[in-house]
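Structure first, then comments.
Index from 1, following the sequence. When reading the values below, keep in mind they use all heavy atoms of this one structure, side chains included, and skip hydrogens, waters and symmetry mates. Numbering of ligands and ligand atoms starts at 1, following listing order.
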Amino acid sequence: MTRSLVLAAAQLGPIQKADGRDVAVGRIVRLMEKAHRMGAQVVVFPELALTTFFPRWYEEDIAVADHWYESALPSNETAPIFEAARKYGIAFHLGYAEKTPDGHRYNTAVFVSPNGEIMLKYRKVHLPGHKDYDPIRKVQHLEKRYFEVGNLGFPVMRAPVAGHDVNVGMMICNDRRWPESWRVMGLQQVELVMLGYNTPSLNMDNRGFEAHHLRVFHSHLTIQAGCYQNACFAVATAKAGTEDGHELFGHSIIVNPQGEIMAQATSWGDELIVADADLGMCELGRTTIFNFEKHRRPEAYGRITDQVGSEPPATWSPRRAAE
Ligand code: CDV
């Protein structure tokens, strides 16, 4: 039997610092209604979908930032999202800032069934940016201040989605740039990777020039390569447009296991894109070029897990070469 799904990326335009949860939740519910009209069965919302990208704002006292976090999901404020999913029979992925009952803070995403059950939770592993105020930067990127490194690894779950069992996994924003994130999920036969991102149009590190157009290119390059090399689909959903003067580049995409872009957002606002995914497409890569069991050589990959930073290589000398 063909296993096919209608996938949607629900890109969100900017959420301003002054906007309350009701603003984001109202827009998310409207995108959910649209997803229903367009026949979507899985909808992926961005990273930190309920608030502005608050790690750009420095707070000396982290407790002052507490209002950006969810301590329960659903809550009174977020319940309308769960109600819409139930009403329309749609499974959804949502990124948000999580504060646990024992006070830990994570950049988190959940995959929720239409009946409101959290089927999978992921906490961002590759936190970019810095912990303390950085005077060199044009704009702060304080994820290392506001979040702990995720403690759930990169789990993949075989979950019921629209009548099929689907191997689903998640990553968040910067994780997409790291082949390790994809491969750990590829090793669990992931079929659908869901990921949200908030990526500025300009490099804000102020440590060298990076051409504007390459920012989008690098984002797409990593997602397309990740899908091809691990024979999976991805729904990659952006927050887009200008948040309090800070521009995010959008360009949400849905990608197939050949690494092809099946759908792409064209606006910098709230926008829904959809694509039909035949999950059988994952088989070709998995049984040929990327048949891991046949072709992987972990005995040659020791450095991947033994080492964190790079090391200089051995230096060539005539004597060494002769050995
Ligand atoms: N929210 C993010 O993780 N943003 C990062 C930074 C480096 C811009 C990204 O990879 O897009």
Just checking, any donor-acceptor pair under 3.5 angstrom between side chains of H126 and D175?
yes
Do I273 and L94 sit in one hydrophobic cluster, given that two such residues count as connected whenever their side-chain heavy atoms are within less than 4.5 Å of each other, even indirectly?
no
Could you tell me, atom by atom, which parts of ligand 1 come under 4.0 Å of a heavy atom of [X]?
X: R176; result: 9 (C), 10 (O), 11 (O)
X: P200; result: 8 (C)
X: K124; result: 1 (N), 2 (C), 3 (O)
X: T199; result: 9 (C), 11 (O)
X: R177; result: 9 (C), 10 (O), 11 (O)
X: F53; result: 1 (N)
X: N198; result: 1 (N), 2 (C), 4 (N)
X: E47; result: 1 (N)

Tell me which pairs pass ring pair (Phe, Tyr, Trp, His ring centres under 6.0 Å) where either residue lies in residues 104-125, with sequence neighbours left out.
Y122-F154
The remaining residues in the hydrophobic cluster of L202, counting side-chain heavy-atom contacts under 4.5 Å among Ile, Leu, Val, Met, Phe, Trp and Tyr, are V139, M204
Y197 contact mode with ligand 1 (heavy-atom cut-off under 4.0 Å):
neither
Within less than 4.0 angstrom of ligand 1, does E143 place any heavy atom?
yes
Proximity flag H126 to ligand 1, non-hydrogen atoms under 4.0 Å:
no
Is atom CD of E117 surrounded by more than 12 heavy atoms (other residues, nucleotides or ligands) closer than 6.0 Å?
no
Output yes when D270 and R30 qualify as a salt bridge under the 4.0 Å nitrogen-oxygen rule, no when they do not.
no
Between Q16 (side chain) and T52 (backbone), is there a donor-acceptor pair under 3.5 Å?
no
Check for me whether the distance between the ring centres of H212 and F249 falls short of 6.0 Å.
no
Of all heavy-atom pairs linking A91 and P114, the shortest is N-CG, 3.9 Å
Around [atom], find the nearest protein heavy atom and jot down its residue, atom name and distance.
atom: atom 7 (C) of ligand 1; value: N174 ND2, 3.8 Å
atom: atom 6 (C) of ligand 1; value: H141 CE1, 3.8 Å
atom: atom 2 (C) of ligand 1; value: C173 SG, 2.8 Å

Heteroatom proximity flag, R215 to ligand 1, N/O under 3.5 Å:
no
So R27 and F45, do their side chains get closer than 4.5 Å, heavy atoms only?
no
